[in-house]
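Below: one structure, written as structure tokens.
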Amino acid sequence: MPPPGLPNNLKEVHSSGSGDWFPEAEIRYYTNVFVVQDGKLLLGYKKRGLGIHRYNGFGGKVEAEESTLDAALRELKEEAGITAPLVHAGTLLFVVPGEKWAHIDIFRADKYTGTITESDEMRPEWFPTTDIPFDNMWESDRYWLPLLLSKQHFSARADFNREGEKHIPMKWWIGTASKAVSQSN
Ligand SMILES: Nc1[nH]c(=O)nc2c1ncn2[C@H]1C[C@H](O)[C@@H](COP(=O)(O)OP(=O)(O)OP(=O)(O)O)O1
């Protein structure tokens with residue numbers, strides 16, 4: 001059964017970890033964008049802040065008065081210098097006890113315009129989709145990124161304990177909607 005915070009009509013793809021899910025908290029909204037082209041995935045090497053020295057998509061907080069899609073487009077432009085037609089790929093709930101839940105809307109783009117540009121926060125880098133640097137990414141990403149690549153809409157939850165600057169993965173669950181969504185853009 002999907003964990004609290006996820007829709008209950010999902011089919012489990014992967015789950016792991018032990019103990020109870022952490023208690024509910026207020027939700028803060030974030031975005032994350034992955035560009036895929038010619039068998040390659042564009043990631044950013046994070047140069048500062050949470051997740052420093054790890055690879056991730058491009059994204060951040062949704063600001064007040066901004067739609068999630070506008071936030072995703074703004075962050076992609078700010079962090080990678082490009083714009084792209086975005087398709088909603090899935091959602092991830094990132095949970096740390098005592099902190100607000102991060103609800104991350106994750107988008108995929110199959111093309112982009114502009115020139116990929118390094119920013120203060122991210123150094124963009126292409127990886128073959130067969131050689132994604134999962135060992136240097138957030139721990140549960142290896143279970144849902146393949147779903148993004150195969151265009152299966154997913155929902156995931158990942159609970160972490162925080163020890164100083166380190167996040168220790170505790171428990172995670174990844175599922176898909178029973179039908180693959182059609183992609184239109
Ligand atoms: N790919 C990912 N996998 C994961 O498990 N957690 C992720 C994740 N990407 C982001 N998170 C978590 C970490 C963090 O608590 C929250 C937001 O992280 P971000 O790096 O997107 O935000 P920032 O704090 O850099 O926001 P901005 O300052 O607005 O850019 O979501």
Side-chain angles (χ1 to χ4, degrees), residues 3 5-6 13-17 21-22 24-36 41-82 86 88-109 117-125 127 129 132-149 153-175:
L6 299 192
V13 171
H14 179 86
S15 66
S16 195
W21 296 105
F22 293 128
E24 207 174 324
E26 200 180 318
I27 293 178
R28 179 176 279 170
Y29 290 88
Y30 293 85
T31 62
N32 202 348
V33 175
F34 294 85
V35 179
V36 189
L41 173 69
L42 184 66
L43 295 173
Y45 179 79
K46 196 151 186 202
K47 293 156 67 177
R48 65 173 191 211
L50 212 60
I52 187 170
H53 303 324
R54 286 183 158 184
Y55 288 99
N56 204 346
F58 302 92
K61 281 179 213 72
V62 179
E63 305 290 351
E65 318 278 321
E66 186 180 45
S67 73
T68 305
L69 183 60
D70 285 348
L73 289 167
R74 175 182 52 71
E75 292 277 356
L76 183 63
K77 182 77 184 164
E78 283 174 10
E79 294 184 354
I82 55 174
L86 304 182
H88 195 258
T91 59
L92 169 66
L93 266 186
F94 173 90
V95 176
V96 176
E99 299 181 11
K100 288 186 184 168
W101 281 10
H103 171 116
I104 309 170
D105 278 295
I106 300 173
F107 296 89
R108 169 196 165 113
T117 310
E118 181 168 348
S119 59
D120 289 350
E121 189 163 333
M122 287 288 211
R123 177 166 51 74
E125 197 175 326
F127 290 89
T129 52
I132 296 172
F134 288 124
D135 289 343
N136 206 9
M137 297 176 74
W138 288 97
E139 284 77 2
S140 72
D141 293 12
R142 69 176 71 236
Y143 302 111
W144 54 258
L145 252 179
L147 298 171
L148 176 142
L149 294 173
H153 201 261
F154 62 90
S155 293
R157 172 171 172 165
D159 286 23
F160 292 80
N161 259 324
R162 190 199 272 260
E163 287 179 13
E165 289 303 292
K166 274 188 83 171
H167 286 80
I168 317 292
M170 301 303 291
K171 195 172 164 87
W172 54 94
W173 193 99
I174 291 97

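In each ligand, atom 1 is the first atom listed, and ligand 1 is the first ligand listed. Remember, it's a predicted structure, so these values are computed and weren't measured experimentally.
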Could you find the nearest protein heavy atom to [atom] and give me its residue, atom name and distance?
{"atom": "atom 9 (N) of ligand 1", "value": "N56 ND2, 2.8 Å"}
{"atom": "atom 25 (O) of ligand 1", "value": "K46 NZ, 2.8 Å"}
{"atom": "atom 5 (O) of ligand 1", "value": "W138 CB, 3.4 Å"}
{"atom": "atom 6 (N) of ligand 1", "value": "F94 CD1, 3.1 Å"}
{"atom": "atom 28 (O) of ligand 1", "value": "K61 NZ, 3.5 Å"}

Is there a side-chain contact between [X] and [Y] in this structure, where contact means two heavy atoms from C-beta onward sitting under 4.5 Å apart?
{"X": "I168", "Y": "E163", "value": "yes"}
{"X": "R108", "Y": "V36", "value": "yes"}
{"X": "V13", "Y": "F154", "value": "no"}
{"X": "M137", "Y": "I132", "value": "yes"}
{"X": "E26", "Y": "K100", "value": "yes"}

Side-chain H-bond candidate by donor/acceptor type, H103 with Y30, under 3.5 Å: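 The criterion, which ignores hydrogens and geometry beyond distance, is not satisfied for Y30 and H103.
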Could you verify whether a donor N or O on one side chain and an acceptor N or O on the other, from E125 and Y55, lie under 3.5 Å apart?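 Side chains of E125 and Y55: pair found under 3.5 Å.
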Check each heavy atom of [X] against ligand 1 and say whether those closer than 4.0 Å belong to the side chain, the backbone, both or neither.
{"X": "M137", "value": "neither"}
{"X": "F58", "value": "neither"}
{"X": "E75", "value": "side chain"}

Heavy-atom contact check, 4.0 Å cutoff: does [X] meet ligand 1?
{"X": "F34", "value": "no"}
{"X": "G49", "value": "no"}
{"X": "E99", "value": "no"}

Please determine whether a side-chain nitrogen of the Lys or Arg among K47 and E79 lies less than 4.0 Å from a carboxylate oxygen of the Asp or Glu.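 Salt bridge flag = no for E79 with K47.
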Determine yes or no for a side-chain-to-main-chain donor-acceptor pair under 3.5 angstrom, with E66 supplying the side chain and E63 the backbone.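 Side chain of E66 to backbone of E63: a pair is present.
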From the options D141, I104, L50, select the one whose nearest heavy atom is closest to atom 1 (N) of ligand 1.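 Selected option, by shortest heavy-atom distance: D141.
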Atoms of ligand 1 less than 4.0 Å from [X] heavy atoms?
{"X": "E79", "result": "30 (O)"}
{"X": "N32", "result": "1 (N), 9 (N)"}
{"X": "G59", "result": "21 (O), 30 (O)"}

Who are the salt bridge (Lys or Arg N to Asp or Glu O under 4.0 Å) partners of K77, not counting sequence neighbours?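 With sequence neighbours excluded, K77 shows a salt bridge (Lys or Arg N to Asp or Glu O under 4.0 Å) to no residue whatsoever.
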